[in-house]
Amino acid sequence: MLPLLRKVLPLLFMIGTMVGADFTGTWKLNPEKSKLGNRDIAQGTLTTRQSGPDTYTSTLDYVTKAGATRHEESVRVCDGKEHATPHVDPSKVSTVVCQVGPGSTRKIVEKDNDKVVVEMTSTVSADGKVLTNVWKYEDGDVVFVFEKQ
């Protein structure tokens, strides 16, 4: 029995880690648990789906405190390599690096002209029901807490 446990237990832990790393799905923002700073967001829904190998498409639909609706979409290749991304100012070069892992985390680093402008770390809770995105800016952190729908 003990030799069987030595073989099966690590496999179960590995499967649990892989399941815990599922960032896909529909997530509802919990503003009360989030630390939004001066962000003008009253409610929001984040939908993430795998759209290709190592590629994820995310849409964020949110409502401002004044009642206006907003829609943002991003596509990220999470292979640990730098990828060019469009920038509002065409004279600037923007890149994004996205890497999944270890465990149930994902890290995204955005740069403008080789200078880091923001780092975001996503963590999925052990039960897969809560997604926490911590955005680190020069002027402080913003924390979005989402609940799986």
Side-chain angles (χ1 to χ4, degrees), residues 10-149:
L11 180 62
L12 291 175
F13 282 130
M14 185 176 75
I15 290 170
T17 299
M18 291 184 330
V19 170
D22 187 10
F23 296 93
T24 62
T26 301
W27 304 86
K28 184 177 178 184
L29 179 67
N30 184 327
E32 292 79 31
K33 292 183 179 178
S34 300
K35 296 176 185 164
L36 302 175
N38 62 359
R39 303 305 187 274
D40 185 23
I41 301 174
Q43 59 185 340
T45 301
L46 172 68
T47 303
T48 302
R49 63 182 175 82
Q50 189 162 0
S51 51
D54 300 320
T55 305
Y56 296 86
T57 300
S58 296
T59 57
L60 177 61
D61 292 298
Y62 63 95
V63 179
T64 67
K65 294 172 185 168
T69 58
R70 302 280 190 267
H71 176 84
E72 296 176 6
E73 186 169 319
S74 63
V75 177
R76 293 192 173 95
V77 179
C78 295
D79 61 1
K81 300 175 187 171
E82 271 193 4
H83 295 275
T85 187
H87 195 285
V88 185
D89 179 350
S91 69
K92 292 187 176 182
V93 177
S94 294
T95 60
V96 173
V97 176
C98 177
Q99 185 167 349
V100 176
S104 58
T105 63
R106 172 180 63 173
K107 185 171 185 177
I108 297 169
V109 177
E110 295 183 21
K111 296 179 182 178
D112 284 346
N113 293 335
D114 288 327
K115 180 184 181 225
V116 174
V117 291
V118 65
E119 291 183 16
M120 192 267 291
T121 302
S122 293
T123 307
V124 176
S125 63
D127 63 6
K129 294 181 180 180
V130 177
L131 170 68
T132 305
N133 290 342
V134 178
W135 291 83
K136 293 186 177 284
Y137 295 95
E138 286 182 354
D139 62 347
D141 295 355
V142 178
V143 179
F144 292 86
V145 177
F146 295 92
E147 296 168 350
K148 189 113 183 200
Q149 299 301 291

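One-based numbering along the sequence shown.
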**Request:** Indicate the atoms forming the closest heavy-atom contact of W135 with Y137, along with that distance.
**Result:** CB-CE1, 3.5 Å
**Request:** Spell out, as yes or no, whether a donor-acceptor pair under 3.5 Å connects the side chain of D112 to the backbone of K115.
**Result:** no
**Prompt:** Is the closest side-chain donor-acceptor distance between T123 and T105 under 3.5 Å?
**Reply:** no
**Asked** For V124 and D22, which heavy atoms make the closest approach, and how far apart are they?
**Response** CG2-O, 3.8 Å
**Request:** For the residue pair T45 and T47, establish whether any side-chain heavy-atom pair is separated by less than 4.5 Å.
**Result:** yes
**V145 backbone acceptor or donor facing K35 side chain under 3.5 Å** = no
**Complete:** Closest non-hydrogen atoms of P31 and A42, given as atom of the first, atom of the second and distance, are CG-O, 3.2 Å
**Request:** Count the heavy atoms belonging to other residues, nucleotides or ligands that lie under 6.0 Å from CG of D114, then report whether that count exceeds 12.
**Result:** no
**Request:** For the residue pair T64 and I41, establish whether any side-chain heavy-atom pair is separated by less than 4.5 Å.
**Result:** no
**Request:** Could you tell me whether E147 and K129 have a side-chain N and a carboxylate O separated by less than 4.0 Å?
**Result:** no
**Item:** Side chain proximity check, T24 to Y56, heavy atoms < 4.5 angstrom
**Value:** yes
**Item:** Test item: S125 side-chain N/O and V130 main-chain N/O as donor-acceptor pair under 3.5 Å
**Value:** yes
**Prompt:** Quick one: does T55's side chain have a donor or acceptor within less than 3.5 Å of a partner on S51's backbone?
**Reply:** no
**Pairs touching residues 67-80 that satisfy side chain to side chain donor-acceptor pair (under 3.5 Å), sequence neighbours left out** = D61-H71, Y62-E72, S74-R76, R76-E110, D79-H83
**Request:** Measure across C78 and R106 and return the closest heavy-atom pair with its distance rounded to 0.1 Å.
**Result:** SG-CD, 4.2 Å
**Request:** Determine the minimum heavy-atom distance between V97 and E82, stating which atoms define it.
**Result:** CG2-CG, 3.2 Å
**Item:** K107 NZ: over 12 foreign heavy atoms closer than 6.0 Å
**Value:** no
**Asked** Does a side-chain heavy-atom distance below 4.5 Å link F23 with L131?
**Response** yes
**Test applied, side-chain contact (heavy atoms from CB on, under 4.5 Å); reference residue, N133; option that passes from I108, L46, T121, V142** = L46
**Considering all heavy atoms, the nearest S34-V143 contact** = CB-O, 3.1 Å
**Asked** Would K65 and D40 pass as an ion pair if we require N to O under 4.0 Å?
**Response** no
